[in-house]
Amino acid sequence: MKKTLLLAALALAPVATQAQEVTLRVVSAFPENQFYVKRTIEWIEKVNKEGKGVLQLNFIGGPKAIPTFEVGKSVQSGVVDIGFSTGAFYTNVMPEADILKLAETSAAEQRKNGGYDLINKIWAEKANMRYLAKVVEFTPFHLYLNKKIDKPDLTGLKIRITPVYREFFQSMNAQVMTTAPGEVYTALERGVIDGYGWPIHALFDLNWQEKTKYRVDPGFYNAEVGLVMNLDKYKGLPAKAREYLDREALAYERQNDFWKTYNQEEAQRQAKAGIEVIKFDAATSKAFVEKSKEIGWATAIKASPQYGEALKKVLAK
Ligand code: 173
């Protein structure tokens, strides 16, 4: 009898090892039909395939599951484990989140110059988060309009924003309105807004080309989208699962050069869709970009007297 029990225990041993497998819940702050999310789901599928017995990621959904501007809070509190978001969507957790848009150094450079460690110190201290990886970069933001302008003056225009664009567009006298990406199409359709801020890419994902006449060049800042994780959950992972997650997140980040060619293709696609480019003369263009930076850093340092300057050292060039 005893022998039988022992054999049964031995037979169960592999099951006990399997019980080490951890499953994490992932949500996206971007709508599910966005290319960003499709890419991330592909990454998740790969992680799951190769992570059997160690780590599995369970994609819960997009803003229908957790609204865009609540994803950060949900990660902070541990309602979900991992959020796929840009910092601008969780300034309600900490103002530092939006500063990443000012990066001129790449994610790869930040892994070497202390930037990644500083970000993780801040994200841990102020948001109870681990910043796993940046998976969108090398991507400027633009102002898109349905009314023509011939100088950087947005007086009388109502523009959809997120915190990314607020102070810069306000400095050009825009009347601003914050919305999640999921609400922009309807706002354009109803004529509630005359334009919006958005990256050079991903307009087609949400069909905005149907309702967009102009893109203003040059672009400014550098879109950041990343994977952030609840810090307690991250620390509590078995070492093997944590190392695997870190490795896979880094591998995703290392694909960021992809965006350079993709963005060129997207600009061509916009032209083909009939989106006209509004260009300023060289001096005005230069001043436009300079002003965006000046306002960006002034806002950052005011919002975070504690970390604004330190972030500038690792993000600015
Ligand atoms: O415009 C936005 O919704 C926004 O802030 C953003 C940031 C990074 C990538 C895409 C959009």
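These numbers come from a predicted model, not from an experiment. Side chains included, hydrogens not; waters and symmetry mates left out as well; all remaining heavy atoms used. Ligands are counted one by one from 1 in listed order, and the atoms in each one are counted from 1 as well.
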Visitor: With a cutoff of 4.0 Å, is K101 in contact with ligand 1, counting heavy atoms of the residue only?
Guide: no
Visitor: For atom 3 (O) of ligand 1, what is the nearest protein heavy atom, given as residue, atom name and distance?
Guide: R160 NH2, 2.8 Å
Visitor: Counting non-hydrogen protein atoms only, what is the nearest one to atom 9 (C) of ligand 1? Give residue, atom name and distance.
Guide: Y36 OH, 3.5 Å
Visitor: Quick one: does F89 get within less than 4.0 Å of ligand 1, heavy atoms only?
Guide: yes
Visitor: Under the 3.5 angstrom rule, does the side chain of N146 hit a backbone N or O of K213 as a donor-acceptor pair?
Guide: yes
Visitor: What donor-acceptor contacts under 3.5 angstrom involve side-chain atoms of residues 24-39, with partners at least two apart or in another chain?
Guide:
from : atom 1 : to   : atom 2 : distance (Å)
S28  : OG     : F30  : N      : 3.0
S28  : OG     : F30  : O      : 2.7
E32  : OE2    : G62  : N      : 3.1
Y36  : OH     : H201 : NE2    : 2.7
R39  : NH2    : Q255 : OE1    : 3.4

Visitor: Consider every N or O of W198 and every N or O of ligand 1, then say whether any pair is closer than 3.5 Å.
Guide: no
Visitor: Which residue and non-hydrogen atom of the protein lie closest to atom 6 (C) of ligand 1, and at what distance in Å?
Guide: F141 CE2, 3.8 Å
Visitor: Can you find a pair of side-chain heavy atoms, one from V75 and one from Y90, that are under 4.5 Å apart?
Guide: no
Visitor: Please work out, at 4.0 Å between heavy atoms, whether the side chain, the backbone, both, or neither of V225 comes within that distance of ligand 1.
Guide: side chain
Visitor: In ligand 1, which numbered atoms sit nearer than 4.0 Å to a non-hydrogen atom of T86?
Guide: 7 (C), 8 (C)
Visitor: Do the ring centers of Y131 and Y234 come within less than 6.0 Å of each other?
Guide: no
Visitor: Please list the nearest protein heavy atom to atom 1 (O) of ligand 1 with its residue and the distance rounded to 0.1 Å.
Guide: Y165 OH, 2.5 Å
Visitor: Please say whether more than 12 non-hydrogen atoms of neighbouring residues, nucleotides or ligands are located less than 6.0 Å from NZ in K233.
Guide: no
